[in-house]
Q: 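So that we are looking at the same thing, I have put the structure below in structure tokens.
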Amino acid sequence: MSLVEIKDLHKSFGDNHVLRGIDFTVEQGEVVCVIGPSGSGKSTLLRCVNLLEQPQQGQVFVRGEDITDPDCHLDDARKHIGMVFQQFNLFPHLSVLQNCTVAQVTVLKRKPAEANEIARANLERVGLTEKVDAYPAQLSGGQMQRVAIARALSMDPALMLFDEPTSALDPELVGDVLTVMRKLALDGMTMLVVTHEMAFAREVADRVVFMDGGVIVEQGPPEEVIGNPQQERTKTFLRRVL
Ligand code: ADP
Ligand code: MG
């Protein structure tokens, strides 16, 4: 069974038909990078995977469960999916440690002591042990993003979604975040990553998906899609970004 299976997904905002029939799977342990021009529907696709956007047509299966089914317990399904956004979305009034414990306690009903222990372990994983008591405003963008990753990991997700996690960062801070993501991939985490970091996609992705105009134009191993694209639209895009 695929971890995620998407069938004939359509999403419109008003008369803007953004996703135009997406069929797509993510296997357990796979790292999939989604690339494509701005406005092609990458974020919308990612947001449909945990139903932050409600599609008009099609199905999204997570571990075999159809989460577009109105009878599905969406909150339960979402517990297994971590999401990291471009803009970090940390709670500004909570410390780094508290950012990583609050959902563990409220959503997963963990005891505070256990949540603290798990949060600390994940903050160590992203290299932020010394920042546990800091507040987001005292951190660099790269540190904030690593807190966001530790926060998501603290929920023991089966799948991590990343939407351009390094796009808001100063160039010198991008590397630390990519290093953490590379490590996660090596640890076997299943990851769906929207990114413009072609070197990262080339090195880390098992599969690259190129989207344009709300459809998947081509997908395959990075050495094919990035190294030897077959479709004209992919070639044009890569000429612009490489
Ligand atoms: P990408 O991430 O590839 O840049 P998006 O998925 O963000 O593309 O956007 C695709 C299209 O959907 C764009 O035309 C965008 O304006 C539109 N769109 C995205 N989210 C919304 C929304 N919440 N309301 C209205 N239009 C939206
Ligand atoms: Mg986007």
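Ligands are counted one by one from 1 in listed order, and the atoms in each one are counted from 1 as well.
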Q: What are the protein N/O/S atoms, named by residue and atom, that sit under 2.8 Å from the Mg ion (ligand 2)?
A: Ser43 OG
Q: Only heavy atoms of Thr44, strictly under 4.0 Å: list the atoms of ligand 1 that pass.
A: 5 (P), 6 (O), 9 (O), 19 (C)
Q: Using a 6.0 Å distance limit plus a 45 degree cone around the ring axis, check whether Lys11 lies over the aromatic ring of Phe13.
A: yes
Q: Between ligand 1 and Gly41, is the shortest N or O to N or O distance under 3.5 Å?
A: yes
Q: Report the nearest protein non-hydrogen atom to atom 3 (O) of ligand 1: residue, atom name, distance rounded to 0.1 Å.
A: Lys42 NZ, 2.8 Å
Q: Can you find a non-hydrogen atom of Pro37 under 4.0 Å from ligand 1?
A: yes
Q: Tell me, which protein residue and heavy-atom name are nearest atom 27 (C) of ligand 1, and how many Å apart are they?
A: Phe13 CD1, 3.3 Å
Q: How far is atom 7 (O) of ligand 1 from its nearest protein heavy atom, and which residue and atom name does that atom have?
A: Ser43 CB, 3.6 Å
Q: If you measure from CE on Met198 to CZ on Phe237, what distance do you get to the nearest 0.5 Å?
A: 4.0 Å
Q: Taking only non-hydrogen atoms of Ser40, do any sit less than 4.0 angstrom from ligand 1?
A: yes
Q: Using every non-hydrogen atom in the two residues, find where Gly141 and Leu173 come nearest and quote the distance to one decimal.
A: N-CD1, 4.1 Å
Q: Any salt bridge between Asp212 and Arg233, counting N to O under 4.0 Å?
A: yes
Q: With the side chain counted from C-beta on, respond yes when Val107 and Met155 share a heavy-atom pair under 4.5 Å apart, and no when they do not.
A: yes
Q: Got an N/O contact under 3.5 Å between Gly39 and ligand 1?
A: yes
Q: So is Arg151 actually on top of Phe88's ring, under 6.0 Å and inside 45° of the axis?
A: no
Q: Quick one: look up the protein heavy atom nearest atom 12 (O) of ligand 1 and list residue, atom name and how far away it is.
A: Val18 CG2, 3.1 Å
Q: Does any donor atom in the side chain of Asp8 or His10 lie under 3.5 Å from an acceptor atom in the other side chain?
A: yes
Q: Using a strict threshold of under 4.0 Å (side-chain N to carboxylate O), is an ion pair present between Lys79 and Asp156?
A: no
Q: Establish, from distance only, whether the side-chain atoms of Asp66 and Gln59 form a donor-acceptor pair under 3.5 Å.
A: yes
Q: If only side-chain N and O atoms count, and only distance matters, is there a donor-acceptor pair under 3.5 Å linking Glu164 with Ser167?
A: yes
Q: Among Ile149, Ile81, Val31, Leu192, exactly one meets side-chain contact (heavy atoms from CB on, under 4.5 Å) together with Met160. Which residue is that?
A: Ile149
Q: When you look for heavy atoms under 4.0 Å from ligand 1, do you find them on the side chain of Asn16, its backbone, both, or neither?
A: side chain
